[in-house]
Peer 1: 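Here it is, the structure in full.
Atoms within each ligand, like the ligands themselves, are counted from 1 in listed order.
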Amino acid sequence: MKKLFTLTALAAVTTVVTCAHGQDFPGKDKVITIVVPFAAGGPTDRVARDVAEAMRKPLGGVSIVIDNAAGAGSTIGNAKVARARNDGYTLLLTHVGMATTPVLYRKLPYNYETDFEYLGMINDVPMTLIGKPQLESSNFKDLRDWIGKNGTKVNLGNAGIGSASHLCGLLFQSEMKVEMTTVPYKGTAPAIADLLGGQIDLLCDQTTNTTSQIEAKKVKPYAVTTLKRLATPVLKDIPTLDESGMKNFQVTIWHGLYAPKGTPPAVLKTINDALKVALKDPEFIKKEEGLGAVVVTDKRIEPIEHKKFVQAEVARFGPVIKAAGVYAD
Ligand code: ASP
């Protein structure tokens, strides 16, 4: 009995000490919200839900919910987090758009370098060029001829200016030397629904969204956007754009986790530690690999390295996007 009392008393003291250092995060009965700046059911949403599930345990079983603040190629959700309370209970999970939107938008309601704390990178994800099931073209060569004949009549979906599908579509049009009609959505979940219904013709989207549709033969897969073919069984026979005549065509995108600027360092460390545990979770890795994604194991998992990587991406995409001459206000 005496021993029990001693342990309880010690536990109480420990709690007080950790609170004093701001390390009581996440608090009991609190909820962490991860803002996803694209529609529910799409690839960014999927990564967010899977990583949230894997981070829950290392964060003491805390509830993590997803808030799909979709629209304007991710800038609405990004702005929401830039303005949110910086207490660690609101986070942002987004993709390459963190680096493309600063180049594409003349004015943004946030600064990608100074309004966020960088928590770390999650994965690298290839993309696939897919077509509606009604398309007659059975391979990339036929598709190329069909696009050549139809030009602006071809409807190419995307998830808004600055999204990965927009970036991939820009590069594809520039390689094809054909301007198609682009149709923006709030994410590629609604875009793929319209592709299945035949309302749009083509979409370039992450493998994390297209693999199951390709496996079920619901869409026509024409190419992957990596230089080498992918290892994932469902995707391994799909040719690369490079081997199909578009030399050096390569678009691999990524996802990262962020918090509003000024979130306390101890809270950021707790979240980054949990993210590192999640990225080693065999269940999470299996899900990602099955969908063609590669979970990050290199130094980009460190906040400072991820920030450097995003800055380098901004520098890399700047000239490409400027050459395409596309801007949004
Ligand atoms: N795949 C989308 C994009 O093109 C984003 C999404 O819906 O998650 O950027």
Peer 1: I'd like to check which ligand 1 atoms, numbered from 1 as shown, lie under 4.0 Å from a non-hydrogen atom of Asp205.
Peer 2: 1 (N)

Peer 1: Identify the protein heavy atom lying closest to atom 9 (O) of ligand 1, giving its residue, its atom name and the separation to 0.1 Å.
Peer 2: His95 NE2, 2.6 Å

Peer 1: For Gln311, run the side chain to side chain donor-acceptor pair (under 3.5 Å) check against Glu113, Arg316, His306 and tell me which one passes.
Peer 2: Glu113

Peer 1: Regarding Asp201 and Lys132, does a basic nitrogen lie under 4.0 Å from an acidic carboxylate oxygen?
Peer 2: yes

Peer 1: Hey, is ligand 1 close enough to His166 that some N/O pair sits below 3.5 Å?
Peer 2: no

Peer 1: Have Thr188 and Ser165 got a donor and an acceptor in their side chains that come within less than 3.5 Å?
Peer 2: no

Peer 1: Between ligand 1 and Ala39, can you find any atom pair, the residue atom being a heavy atom, that is separated by under 4.0 Å?
Peer 2: no

Peer 1: For atom 2 (C) of ligand 1, what is the closest protein heavy atom, and at what distance to 0.1 Å?
Peer 2: Thr188 OG1, 3.2 Å

Peer 1: Numbering the atoms of ligand 1 from 1, which are under 4.0 Å from a heavy atom of Ser165?
Peer 2: 3 (C), 4 (O), 9 (O)

Peer 1: State the atoms of ligand 1, each with its element, that fall below the 4.0 Å cut-off from a heavy-atom position in Gly187.
Peer 2: 7 (O)

Peer 1: Given side chains that start at C-beta, do those of Leu156 and Leu203 come closer than 4.5 Å, heavy atoms only?
Peer 2: no

Peer 1: What atoms of ligand 1 come within less than 4.0 Å of a heavy atom belonging to Thr44?
Peer 2: 5 (C), 6 (C), 8 (O)

Peer 1: Could you tell me whether Asp145 and Lys149 make a salt bridge, using a distance below 4.0 angstrom between a side-chain N and a carboxylate O?
Peer 2: no

Peer 1: Check Asp124 with Arg300, please: is the shortest side-chain N to carboxylate O separation under 4.0 Å?
Peer 2: yes

Peer 1: Going by the atom numbers of ligand 1, which of them fall below 4.0 Å from some non-hydrogen atom of Ala159?
Peer 2: 2 (C), 3 (C), 4 (O)

Peer 1: Does a side chain donor of either Thr33 or Asp67 reach within less than 3.5 Å of an acceptor in the other side chain?
Peer 2: no

